[in-house]
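Heavy-atom basis, side chains included; hydrogens, waters and symmetry copies ignored. Read the numbers this way: they start at 1 and go in the same order the structure lists the ligands and their atoms.
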Amino acid sequence: MVAEGDRVAIVLQDDPDPDAMSSAIALRALLGRNKLTTPIFAFKPVTRPENRTMMHLLEIAVSDPAPGELQNFDKIAMVDVEPPYFEDKLPRADIVIDHHPGYQTGLAAFEDIRVGYGATATIMTEYLLSAGEHISERLATALLYGIRSDTLALSRRVTEADIEAFTHLYPLANYNLLKLIDRPELPVSFAHVLARVMRRMEVRDGLVAIHLGPVERDDLIVQMADFCLQFEGVEMAAVSGKLDRKLAIAVRTHGIGRANAGETVKRLFGEIGSAGGHRNMAKAVIPLTAWRNREKTTRDKAIEARLRELFAAAMAGADETAAALARDGA
Ligand SMILES: [Mn+2]
């Protein structure tokens, strides 16, 4: 279908995920192309921190097409998505490889849609293996991560084919890179926040409670809670930050012993925001207006003191929690 001199564009869904990005570089390898002859496009950029880290570490370039730019390509391919998704934004669709159900089919000359597969990366792995194509460490790492993230580590919508592809890729992938992708890179500005905050950190009765103040990304709060849990004697870490007129609180425990993160946040914040989670990780998001109504203030210092008080009471027992909640609410 693709002639030697053809310019091919690979188009992905908005805010591409690891399955889409890995499938795109697999298709490029399968066609024997490089990023100049076969660029990857998306109308909206990658936003999730883990996905951005994957993109940087694996050097996957995804660009936003300029108006009319796609008209200049001889062939338009898409992976992990189908033509109706783009409405009238594409001049044509020639190659479509996907696993999503529910789209109108028959819109492209080459169509391979395997509904039921856990990931498009699985389909692409099968193509690479059938073609006897060399699968580089970079490509294997990307595809493995694509399958893993679309199937929630092989726990959701997974088929025999996904497991087989995963097994093929496993010995070829780079584990240090996978580990780095799982731990997204931090903005440099966060170093200053850390330097300020860590000076205040103390462990009291197994609890660390820290309020970061305004933060630029939600995942910084989560990473901070993970980090605090690593110190000796810590049974529970509660870290909050202000973001978009809300107070986000991430809670971590080791998942053993008396502390239960999910139950604790529900008890403490269920009435003024969304709160929930599991034994070892939980989250609460509270509009600052609701926090102010109950706690009377949204000053950063006061938030941290109150956080410590509430979580300490929750760890000590349910009756004390109720008392702590009632104390200032009254
Ligand atoms: Mn997918």
Discussion item. Could you enumerate the protein N, O or S atoms under 2.8 Å from the Mn ion (ligand 1), written like residue then atom name?
Written reply: Asp19 OD2, Asp80 OD1, His99 NE2, Asp150 OD2

Fill in: CA sep, side-chain torsions, deciding dist, call: Arg148, Asp162, salt bridge (charged side-chain N to carboxylate O under 4.0 Å, His left out)
CA-CA 9 Å; Arg148 212 183 69 179; Asp162 297 302; over 6 Å; no

If you look only at distance, which donor and acceptor atoms sit under 3.5 Å apart when one is on a side chain in residues 62-74 and the other is two or more places apart or in another chain?
from: Glu69; atom 1: OE1; to: Ala66; atom 2: N; distance (Å): 2.8
from: Asp74; atom 1: OD2; to: Arg7; atom 2: N; distance (Å): 2.6

Item to complete: Would you check if there is a donor-acceptor pair between the side chains of Asn174 and Thr141 at a distance under 3.5 Å?
Response: no

Practice prompt. Applying side chain to side chain donor-acceptor pair (under 3.5 Å), run through Asn280 and His278 and close with a yes or a no.
Written response: CA-CA 6 Å; Asn280 59 334; His278 305 286; 5.9 Å; no

Worksheet item: On the ring face of Phe190, is Arg196 found with NZ or CZ under 6.0 Å from the centre and within 45° of the axis?
Response: no

Item to complete: Take Arg252 and Asp226, measure what salt bridge (charged side-chain N to carboxylate O under 4.0 Å, His left out) needs, and give me the verdict at the end.
Response: CA-CA 7 Å; Arg252 292 289 184 275; Asp226 279 333; 2.9 Å; yes

